[in-house]
Amino acid sequence: MNKKKLLLIDGNSVAFRAFFAMYQQLDKFKNPEGLHTNALYAFKNMLDVVLKQEDPSHILVAFDAGKTTFRTAMYKDYKGGRDKTPAELSEQLPYLREMLKDMGIKSYELANYEADDIIGTMAKKGVEAGYEVAVVSGDKDLTQLASDHVTVYVTKSGVTKLEAFTPDHMKEVNGVTPTEFIDMKALMGDPSDNYPGVAKVGPKTASKLIQEYGSVENLYNHVDEMKKSKLKENLIASKDNALLGKKLATINCDSPVEVTLDDLSYEGSNIDDLRRFYEKMNFRRFLADLAQKGELTENKTEVKKQDYVVLSADNLDQPPKAAEVTFYLAMFGDNYHLADFAGFALKIGGETFVSRDVFLLQESPLKGMLEDSAVQKNVFDLKRTTYGLYRLGIKAESLTFDLLLASYLVDNEKNSNDLGELVQGYDYYDLKTDLEVYGKGKNAKIPADDAVFFNHLAGKTAAIAALKDSLLKQLKDHEQDDLYDSIELPTARVLAKMEMNGIKVQPSRLKELENDFAVRLKELEEKIYKEAGEEFNLNSPKQLGVILFEKLGLPVIKKTKTGYSTSVEVLNQLKEQSPVVSDILEYRQISKIQSTYVKGLLDVIDERDGRIHTRYLQTLTATGRLSSVDPNLQNIPTRTEEGKQIRKAFVPSSPDGYIYSCDYSQIELRVLAHVSADPNMQEAFKTGYDIHAHTAMKIFHLSSVDEVTSLQRRRAKAVNFGIVYGISDYGLSKNLDISRKQAKEFIDEYFEQYPGIQAYMDRAVKDAREKGYAETIMHRRRYLPDIHAKNFNVRSFAERTAINSPIQGSAADIMKIAMINVQKKLDELGLKTKMVVQVHDELIFDVPADELETIQKIVPSVMQAAVKLDVPLVADAGWGHDWYEAK
DNA sequence: GCGATCACG
DNA sequence: ACGTACGTGATCGCG
């Protein structure tokens, strides 16, 4: 291949990003000599992504040579006031160069010049010589180099995601061309490089000015013609700053670099050197990758060969008796309610038994073992395993270790439903991923070759057994053993039962709705076509946009990446201008209900028992909440009357029975009152006030809750919600459709009235910064590496998450405890009532008529007693002959 | 396979 | 000045 592609990497800035991208792993990534290795590791990950994406013929990684450069000669404070590079990072830099060398990649630095100048110079040379050039950096300074033949990639959240800056993209982001971006920077200044620019000029103003005048110089040629304004004064006052800024911001593309393009030719790694380097750094992951690559080119060096015995009807008595076994039940596909069985593996001590024939499990030696509570079972995915065995008529007992749950608690980011992938996160490489063994998409299948499949199955039990102790230790170190033993494991068992129960659905009620909605949709459709003057696909936002904004000429309120936005928010603002808009809104609403709920639910009723069996995902969310899939029963409509009708189809299993619903009142705000220890908010809950009215009274300075108007209450409610989300004046103003200034006043007054809340928010952010994670009342963690991000938006998002996660997550903890306790009570009392659905703060039960009274007594009280907070927990109940009535 | 949209807490 | 609310899943059109 003759393609000439030059890859230029800004070594310092990418290393810096790499370091902070894996900052929370700092202590984990150390080689045996105590050298930190996290930046090296992340840098290598970035290189892999870029090498694959760009497939360069030539590569250079440029480094800064030292503190003094031609820029410091111009302006001595250039890059002054910067924090010193952390020692944990600088110690890695020499090894970074060593790694690059082993990878066959040239490093280069030049006295008096920055890496940027080297890159600019080589990019220029490259383009002149007919190369396509790709530049990778951790900051945006280099984007000024973008041109027809130069694409600048800037790392985004972490280092393996890259944002491509082409001239077009520059124009979109900044409104100016890459070269004009220099002028923009000159006006704005750059706080991180420590030069000032013009007072009060940020990106918006700078972009506008440069779009108008083209350059700093031309701007100053015409500055006298500008209307009198503060901006004009500031521009004139800072002329020298702006001109200096331009010099500092301009990359020198004619630096005296001594390397030639030919020097940069990339021929690939020196595998032996690289292997030695990985060994020195203890990069087992990369070592495994090297081994796998070897597998592709040389003869097959399989993953570790497992020893196993194939079980059949003839040797079922062979597995020995034991107090502890590791068991894996293989089903093909995610939905274990319906998935085909594929086989199983059973590891007892050093022996592993495998088979494709899951019906062997129904034979007494194996069934007896699985149902024997004296035999502890280690598994991967307790709920899936329990459900699969239940389908085989086996009531599994003593599933006491679940690697999936343990790993989710230790670090939910490292978690995966694919065991092979999960264990790699724990440096275990003797198991392939399901993706590798089964394949992807519609080509995926269980391998026909026994040797391959059995090895994979046996490998799974080996991996579970191998990681058990380490995971248990990590749980202990995190003070999470109680969360694991007393909350997650029992919750999994409760959820398995709820999934088995399912909820009864009356298809006739959905069919009626289907017909009604079909008629209404048809009418609306015809009306809209008439109003629009033509037929089009109403479900296509693209086609709808053309009709509304081009044909009917309505004003464009918001744009999306792909075109006009036609969301509810936008359409609501256009309602007055054209009658067709209201009809479209109505069509959208009905159509959503029809396709997602009426048709969607009809499709998933189990014909065998007339019920819907959702699956709860227990190890998915970042906060500890559950999610519900196939179908999602946690978003059944409730806000509109048409939508609510869906709930009439959810019925008790006996005709005279009840659907009983019990939900926590304001659980998140109560958690906030508890964790913040704010006396005023605690007082409001202890007194039993309507919390939103109480907040309104406080922030609007009323003397009693009776004086609160409904508008004031609505606004106070929005503020309360906003607080839980990590409020901003902008978000609140948008939500309430008020000015940003007014929103800010509400927030300020709120903090005044509830001083503990502000303190909580500050503490939440500070704690997250120090510990690297946020934590719930039950010690559930959420890691927040972005809390150290330099990018304002990325960091702000992490800060809001640090505030929200303990609140949302603690509420989730509480609900899980409640579910366990309620189920325990149902069992103790031998009730036939079934817990059937959980919707975050609400539990739904299928209750026989004669148990209603008992349920009313026990459910709210057990929920309220789930944990003891500094404010009371309150649960409200409702019931009726279907879900609609149970409110 | 992804973005836009909209359903829920 | 920066540009935002927190957490989810299903459906549709479109490339």
Backbone of [Y] reached by a side-chain donor or acceptor of [X] within 3.5 Å:
X	Y	result
A:Gln543	A:Asn537	yes
A:Tyr529	A:Phe536	yes
A:Thr614	A:Val629	yes

Taking for each residue the nucleotide of DNA chain C bearing the nearest heavy atom, is the 5' side occupied by A:Lys204 or by A:Asn539?
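With A:Lys204 and A:Asn539 compared, the 5'-side residue is A:Lys204.
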Pick base, sugar-phosphate or nothing for [X], based on heavy-atom distances below 4.0 Å to the nucleic acid.
X	value
A:Asn537	sugar-phosphate
A:Leu620	sugar-phosphate
A:Arg740	base
A:Gly726	nothing
A:Ala811	nothing
A:Val629	sugar-phosphate
A:Asp603	nothing
A:Ala199	nothing
A:Phe797	sugar-phosphate

When the ring centroid of A:Phe746 is compared with that of A:Tyr750, is the distance short of 6.0 Å?
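For A:Phe746 and A:Tyr750, the ring centres are not under 6.0 Å apart.
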[X] and [Y]: side chain donor to acceptor below 3.5 Å:
X	Y	answer
A:Gln645	A:Lys648	yes
A:Ser207	A:Gln211	yes
A:Tyr564	A:Glu550	yes

Using the [atom1] atom on both, measure [N] against [M] and round to a whole Å.
N	M	atom1	value
B:dA4	C:dA5	P	14 Å
C:dT4	B:dG3	P	16 Å
B:dC6	C:dG3	C1'	23 Å

With a distance cut-off below 6.0 Å to the six-membered ring centre and an angular limit of 45° from the axis, does A:Arg740 pair with A:Tyr730 as a cation-pi contact?
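Geometry flag: not set, cation outside 6.0 Å or 45°.
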Ring of A:Tyr664, cation from A:Arg670 - is the NZ or CZ under 6.0 Å from the centre and inside 45° of the axis?
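A:Arg670 over A:Tyr664 ring: no.
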Any strand is fair game: report the nucleotide pairing with C:dC2 by Watson-Crick or G-U wobble, both distances under 3.5 Å, or none.
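WC or wobble partner does not exist here.
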Counting primed atoms, P, OP1 and OP2 as sugar-phosphate and everything else as base, the B/S/- map of nucleotides 1-9 of chain B against protein heavy atoms under 4.0 Å is ---SSBBBB
Just the endpoints, please: which first and last nucleotides of DNA chain C, 5' to 3', lie under 4.0 Å from a heavy atom of chain A?
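Contact span on the strand: C:dA1 to C:dG15.
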